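Remarks on the structure that follows.
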Amino acid sequence: WDETHFGKMGSYYINRTFFFDVHPPLGKMLIGLAGYLSGYDGTFPFQKPGDRYEQHNYVGMRGFCAFLGSCLVPFAYLIVLELSKSLPAALLAAFVLIFDTGCITLSQYILLDPILMFFLMGAVLSMVKCNSCADRPFSASWWFWLSLTGVNLAGAMGVKFVGLFVVLLVGLNTIYDLWDLLGNLSLSLVMFGKHLLARVLCLILLPLALYAAMFAVHFTVLNKSGPGDGFFSSAFQSQLIGNNLHNVSVPEHLAYGSVVTMKNLRMAGGYLHSHWHLYPEGIGARQQQVTAYLHKDLNNLWIIKKHDSDTADLSDPSSPVEFVRHGDIIRLEHKETSRNLHSHQHEAPLTRKHFQVTGYGINGTGDSSDFWRIEVVGRKAGKLIKVLRSQVRLTHVATGCILGSSGKTLPKWGWEQVEVTCTPYLKESPNSLWNFEDHINPKLPNISLDVLKPSFAEMLLESHMVMIRDNEVTSKPWHWPINYQGLRFSGVNETDYRVYLLGNPVIWWLNLVTIGLYLLIAVSTAVALKRGVQLTTELKELSRVVLRGGGQITLGWLLHYFPFFMMGRVLYFHHYFPAMLFSSMLTGITWDALLKFCAGFLSPSTTARKVYRGGFLTLVLLITYSFYLFHPLSYGMIGPMASDPSSPMAGLRWMDSWEF
Amino acid sequence: MLGFLKKPVVVTAEINMNLVALTVMGLISRLWGLSYPRAVVFDEVYYGQFVSLYMKRIFFVDDSGPPFGNMLLALGGYLGGFDGNFLWNRIGAEYSINVPVWSLRLLPALAGALCVPLAYQILIELQFSHCAALGAALLILLENSLVTQSRFMLLESILIFFILLAVLSYLKFYNLQRHSSFSGSWWFWLLLTGVACSCAVGVKYMGLFTYVLLLAIAGLHFWHMIGDQNFSNVSLMCHFLARALALIIIPMAMYLSFFYVHLTLLYRSGPHDQIMTSAFQASLEGGLARITQGQPLEVAYGSQITLRNVLGKPLQCWLHSHTNTYPIRYENGRGSSHQQQVTCYPFKDVNNWWIVKDPGMQQLVVSNPPRPVRHGHIVQLVHGITTRYLNTHDVAAPLSPHSQEVSCYIDYNISMPAQNLWRVEILNRESDTDVWKTILSEVRFVHVNTSAVLKASAVIGASLPEWGYRQLEVVGEKLSKGYHQSMVWNVEEHRYGKSQEQKEREVELHSPTQMDISKNLSFMAKFTELQWKILTLKNEDTEHKYSSSALDWITMDTNIAYWLHPTSGAQIHLLGNIVTWASANVAALVYTCLSLWYLVRRRRKIYDIPEGAWQPWVSAGGICVGGWAVNYLPFFLMEKTLFLYHYLPALTFQILLIPIVLQHLSDHLCRSLLLKSMFSALLVAWFSSVYLVYSTFSPVTYGEPALSVTELKDLRWKDSWNILIRKQ
């Protein structure tokens with residue numbers, strides 16, 4: 001399954017070819033490193049899910065992820081122990097994580113999630129530890145935990161942007177902490193300043209430095225041209241060995257008769273592209289499609305021609321070179337299909353208020369709707385146009401609209417390339433600006449392009465802008481906590497060895513109930529405290545654990561779950577797992593508190609203890625037994641599908657939406 | 001004696017005069033020349049349609065919000081005697097004689113005018129001086145954008161009015177709380193809060209933001225009451241229940257009643273019918289109801305039916321077949337079964353008729369008594385005109401190769417046997433023996449051999465190529481994960497088949513259905529359906545010439561041209577008073593910085609201002625800055641097309657903050673007399689500049705007098721403003 005994705009990227013690191021992915025690089029670098037150390041040579045193609053690894057050495061990469069995944073259990077144990085000071089609560093939380101089939105499945109394979117969850121839990125653990133060191137600030141252990149929090153934050157951010165939520169959690173916790181310190185009048189302002197500085201240093205500057213360092217490593221390791229080039233701007237590409245822009249020399253000024261490619265200036269904008277296919281009927285005029293395409297291709301080539309004369313005399317080697325100037329009216333002919341770039345007052349396929357752009361005419365002869373005025377941003381009329389460096393705007397002469405790329409992906413008939421339109425709204429935006437990238441004109445001398453060296457900061461910024469792009473939705477966030485639908489990891493048919501990502505339903509539903517239970521307990525304790533009800537010291541301690549410790553964990557759960565409701569990008573079931581970690585820890589704390597409350601009401605201490613222990617034992621047994629029932633989900637199963645009543649798993653298919 | 005008479009008159013008159021004067025000024029500024037221009041201005045083209053439909057009692061769906069606002073506008077039309085006959089087709093079209101422009105625009109204008117005294121009262125209730133309150137009211141009065149927006153048939157001014165009313169009544173209620181709980185006026189203001197909130201939400205969903213803010217403030221106040229040991233547990237409970245009743249239950253009931261009135265008023269079928277389910281359509285007069293009236297309710301073996309796909313997106317369509325077959329090879333070289341095509345067809349057609357047949361029997365007529373089809377029964381579906389059986393098999397579908405092809409089976413005597421048994425699954429059944437009902441039952445057809453589900457692949461671009469006449473594709477979906485509307489069908493037209501012979505049957509199929517019983521949906525069922533459609537129906541994300549992004553609003557980098565005189569240069573723009581906007585921003589900034597500073601100092605137990613001034617300062621900030629934030633920040637997360645007028649509620653709150661900050665500055669920060677007098681001098685200068693800008697821009701606010709080209713050019717203070725200049 002997604003192993004193909006991340007395993008392939010690990011291979012790219014080993015082969016040092018540049019690629020593009022929506023996640024920051026740390027996770028894949030670690031996978032690559034693990035593979036490298038365990039002797040994987042990066043040659044396995046990772047074509048499609050289900051391919052056999054054969055002789056390739058993949059155990060190192062999987063082992064690495066599994067190791068990080070198993071670290072989660074002790075982490076959860078330590079966090080809960082620290083927050084509640086109660087061994088049973090900590091054990092319960094750990095049990096929940098050990099026996100959850102979803103966590104096991106997710107950490108067995110080459111995926112980013114175990115790495116992300118490792119850093120995330122590490123950050124929470126060190127934050128909690130640091131809080132408990134608060135009584136002796138600036139001691140060695142305090143510094144250690146504080147800086148470790150920073151390191152883990154950088155790690156979490158560096159694996160996936162979901163790490164941002166844990167940064168928020170830690171940030172809120174720190175603000176609360178500082179506010180507390182500020183109210184402490186025995187602390188001088190200078191001391192407070194020191195506290196503030198220490199936190200700024202460890203929790204802001206250190207993670208930022210590490211994060212930047214990560215990208216520096218990323219850019220140095222990947223210095224060969226690869227499949228991700230087309231996503232980046234021309235300047236960025238010139239840094240990659242093997243890219244046709246690396247150390248090349250092209251003619252500097254644009255001339256008539258040149259063959260060029262044009263790249264849209266929006267972040268991750270494509271090349272102006274056309275191909276033999278027509279727009280389908282019902283979508284504008286039935287003429288040739290013009291799109292923006294992110295990859296390099298022969299169909300990206302266009303010939304610049306004068307609006308009034310044909311190419312014939314321009315291809316003649318003896319005729320003098322004539323440069324294109326700012327404000328000239330030109331035609332662009334598609335090299336492969338010999339059609340002209342054309343626009344007219346039909347609505348564009350997706351952006352209905354824009355005009356459609358098509359390829360029109362035969363062998364370069366078209367009509368007056370093929371004329372475009374070429375203008376350089378911020379330049380006066382009559383100036384020459386530079387390759388790569390000039391930002392160019394193409395205005396359609398007949399309708400006055402501007403050639404632009406809307407950034408929307410066309411449906412299947414357009415090969416899922418990006419829509420190109422002619423926008424009548426004359427707003428200045430990178431969507432409607434282009435630059436010339438390749439430039440082939442045998443009559444002109446080449447100049448070297450070393451001028452184009454972007455600084456590290458620019459490269460960092462650009463790679464981030466490119467990462468912030470998105471796709472379609474596959475499952476709905478509200479499905480996740482109720483374990484509505486799993487994710488098939490490998491194997492579809494009856495005879496295959498199947499692995500299915502699905503949380504242990506008993507545990508997940510227990511977690512869900514616990515959240516409701518926790519809210520009830522927390523609200524009633526808060527109201528009781530506010531009403532000034534007299535509590536015993538024991539209960540007071542308990543309510544502190546519930547409100548403070550439980551509050552932190554609940555906040556973590558909220559921060560890792562609710563933002564997904566607002567997200568437009570691809571959502572998978574496994575996005576819920578970080579939130580699930582928090583809710584598991586909450587389960588430990590809540591049930592411990594609940595049983596203690598119950599035990600507190602029973603007067604004789606022997607019965608109280610019995611109830612407490614009995615409750616715990618039941619929970620643990622329940623969890624273990626459910627694991628026994630569902631363990632084939634994560635360790636793989638063979639045989640008929642569960643929807644078939646003869647399958648051994650048929651009795652376990654509690655919801656119709658599960659497909660194992 | 002005389003003194004006794006005189007005194008109360010003077011006292012009451014003094015307070016009232018301020019308000020009366022403000023109200024009169026508000027009315028003058030909003031109502032002056034209200035019926036000019038006598039042409040459709042901007043979004044009137046949109047709301048006007050709805051008013052017309054209300055007048056004609058034709059059902060419609062407005063996906064932009066709940067119906068209360070449209071109903072208020074329609075009330076204006078009703079009072080003015082509008083008959084609804086006007087074609088709202090373009091901005092700038094002249095109104096015909098029968099359109100009562102003045103009364104249509106009256107309600108929004110009144111609401112806009114009343115915002116002025118409301119602002120005054122809110123500041124008084126926040127315990128600021130009359131001077132500050134007067135300032136706030138005048139700033140609202142002289143805000144060009146609010147004037148423009150309330151002079152036309154638009155909803156924002158009504159929304160702002162209800163928002164301010166809700167805030168004011170909550171403040172009144174809260175101030176009464178201290179000494180006279182559960183008194184008559186206490187109840188009045190509490191209930192008015194709830195009512196105003198529900199009206200605000202009913203006008204536009206934006207009102208929800210202020211409602212949530214007020215709920216949060218009420219919750220916070222109640223939390224303080226919990227900590228107050230003077231209240232007994234019982235009285236706390238009573239307080240809680242009173243609030244829950246007034247702030248949650250009454251608004252919900254009001255909201256439902258808006259829809260109730262809406263649905264009662266609109267009982268005729270109209271242009272948006274096909275968005276709704278068949279059951280809903282059948283409840284409207286005319287349209288589908290005319291066809292379906294009196295159909296037999298229960299589908300029986302031998303019934304002749306048309307099957308409509310429940311999804312209805314992008315087009316509503318019916319299961320269809322015709323004599324043409326799938327091409328042997330598709331354009332991309334894949335093969336097909338070469339059997340008869342089955343498609344989903346967006347028009348009514350005789351080829352949409354299917355006959356439900358019992359696999360065990362030969363006859364195609366309904367027996368006497370009819371044998372109804374129940375959930376879980378296995379049926380065959382016979383195409384009425386061609387008498388072929390609906391079939392699916394393991395052949396890739398024409399456009400979605402992952403799904404199975406659905407065809408009408410033709411026996412070519414090759415290795416492909418007929419697989420034409422379908423299990424009927426009623427999704428909205430109450431028991432497992434439910435009968436399949438016309439219109440009401442949502443049905444899924446599961447193929448018995450392959451357990452594929454009959455589905456209309458409702459994706460844009462899923463219409464078949466030329467050979468399939470561009471009809472929509474129908475497939476057998478193998479991975480039938482959960483519930484999706486594209487896999488659900490309902491019976492729309494239905495009659496019991498009577499003719500055994502094919503020829504007779506064809507005649508029967510061509511004849512229109514006609515029988516008579518009517519089915520009524522309960523109000524709640526209609527409400528949930530309509531509400532759901534309003535929330536999920538999405539207009540395509542369009543770019544508008546005057547659309548803007550939320551970031552442009554703070555600095556007013558954008559404007560909207562509402563109307564342009566067909567010949568002269570007279571024009572109306574939504575354009576704010578730039579001095580007010582800038583000062584409002586500065587006030588918000590100053591407020592935040594000062595508050596932060598005070599908070600940090602208070603944390604260190606240093607008190608800069610007396611406790612008596614601190615409380616109003618905090619609550620004023622909570623309402624004004626909070627109101628601004630909740631009405632503004634959510635727009636950054638929204639994906640719909642945004643316009644400058646969406647900012648107006650937030651702006652109103654921000655304007656209220658200006659006098660608060662000014663009074664605070666003069667009371668607490670200008671310590672010496674000299675500073676104070678300088679400050680007041682500055683105030684006067686600043687205020688005259690506000691008035692100056694208002695009067696400078698009033699030609700484009702009121703649309704008269706017409707300005708010359710140079711005058712217009714002079715008004716273009718920002719390059720990004722789009723002021724229309726007619727080419728000579």
Side-chain angles (χ1 to χ4, degrees), chain A residues 178-185 187-189 192 280-283 347-354 406 408 410-414 421 423-429 431 474-476 479 484-486 488 492 526-533 563 565-568 641 643-644 655-659, chain B residues 222-233 236 240 314 331-332 399-401 425 451 457 459-466 469-470 478-483 539-549 552 557-558 599-606 634 636-639 641 719-720 722:
Chain A
L178 283 174
W179 190 244
D180 232 25
L181 288 175
L182 190 64
N184 183 357
L185 288 181
L187 222 60
S188 73
L189 270 182
F192 177 75
E281 191 154 307
I283 298 173
E347 61 186 25
L350 300 178
T351 319
R352 289 289 160 86
K353 298 255 171 142
H354 293 184
S406 67
K408 296 177 193 157
L410 293 171
K412 239 180 250 160
W413 54 257
T421 62
T423 158
Y425 308 121
L426 312 176
K427 272 187 192 153
E428 193 73 14
S429 78
N431 285 5
T474 42
S475 74
K476 300 209 173 70
H479 282 168
Y484 180 77
Q485 206 171 52
R488 209 181 271 115
V492 180
V527 169
L529 285 181
K530 188 83 184 173
R531 282 301 285 168
V533 176
F565 281 100
M566 291 190 250
M567 268 186 214
M641 309 289 279
S643 49
D644 179 351
M655 284 176 93
D656 283 346
S657 47
W658 299 349
E659 306 157 312
Chain B
F222 188 67
W223 181 247
H224 288 314
M225 281 170 69
I226 291 181
D228 188 345
Q229 300 295 338
N230 296 328
F231 288 101
S232 71
N233 284 346
L236 266 186
F240 181 75
E331 286 143 1
N332 56 6
L399 297 178
S400 343
E425 287 184 2
S451 57
S457 51
V459 215
I460 297 169
S463 55
L464 299 168
E466 210 56 67
Y469 305 100
R470 314 237 153 241
K478 280 181 287 190
L479 306 168
S480 53
K481 271 192 233 157
Y483 173 86
N539 261 347
E540 257 176 81
D541 188 27
T542 48
E543 197 178 341
H544 191 276
K545 190 170 180 204
Y546 290 105
S547 67
S548 47
S549 72
D552 297 336
D557 278 338
T558 158
L599 261 181
V600 170
R601 300 259 292 173
R602 283 170 72 86
R603 190 75 190 161
R604 299 298 292 183
K605 303 266 185 300
I606 304 166
F636 285 99
L637 297 174
M638 275 184 211
E639 283 165 5
T641 324
D719 286 343
S720 51
N722 201 344

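Both backbone and side-chain heavy atoms feed into the values below; hydrogens, waters and symmetry mates do not. Per chain, numbering begins at 1; letters A, B, ... match sequence-line order. Since the model is a prediction, treat every value here as computed from it, not as a measurement.
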Checklist entry - By a 4.5 Å heavy-atom criterion (distance strictly below it), what part of B:Asn233 contacts chain A: side chain, backbone, both, or neither? => result both
Next on the checklist: Heavy-atom cut-off 4.5 Å, strictly under: side chain, backbone, both or neither for B:Leu236 against chain A?
Outcome noted: side chain
Checklist entry - Would you find a donor on one side and an acceptor on the other, under 3.5 Å apart, between the side chain of A:Arg531 and the backbone of B:Gln229? => result no
Separation between [atom1] of [X] and [atom2] of [Y], rounded to the nearest 0.5 Å:
{"X": "B:His224", "Y": "A:Lys530", "atom1": "NE2", "atom2": "NZ", "value": "6.5 Å"}
{"X": "B:Ile606", "Y": "A:Leu185", "atom1": "CD1", "atom2": "CG", "value": "8.5 Å"}
{"X": "B:Arg603", "Y": "A:Asp180", "atom1": "CZ", "atom2": "CG", "value": "6.0 Å"}
{"X": "A:Asn184", "Y": "B:Arg604", "atom1": "CG", "atom2": "CZ", "value": "7.5 Å"}

Checklist outcome for this item: Nearest heavy-atom contact between B:Val600 and A:Leu182 is CG1-CD2, 3.8 Å
Next on the checklist: Within the supplied structure, the quantity of interest is the number of heavy atoms (other residues, nucleotides, ligands) at a distance under 6.0 Å from B:Phe240 CZ; does it exceed 12?
Outcome noted: no
Next on the checklist: So for A:Leu178, is it side chain, backbone, both, or neither that comes closer than 4.5 Å to the heavy atoms of chain B?
Outcome noted: neither
Next on the checklist: Is A:Leu189 in contact with chain B via its backbone, its side chain, both, or neither, using a 4.5 Å heavy-atom distance?
Outcome noted: both
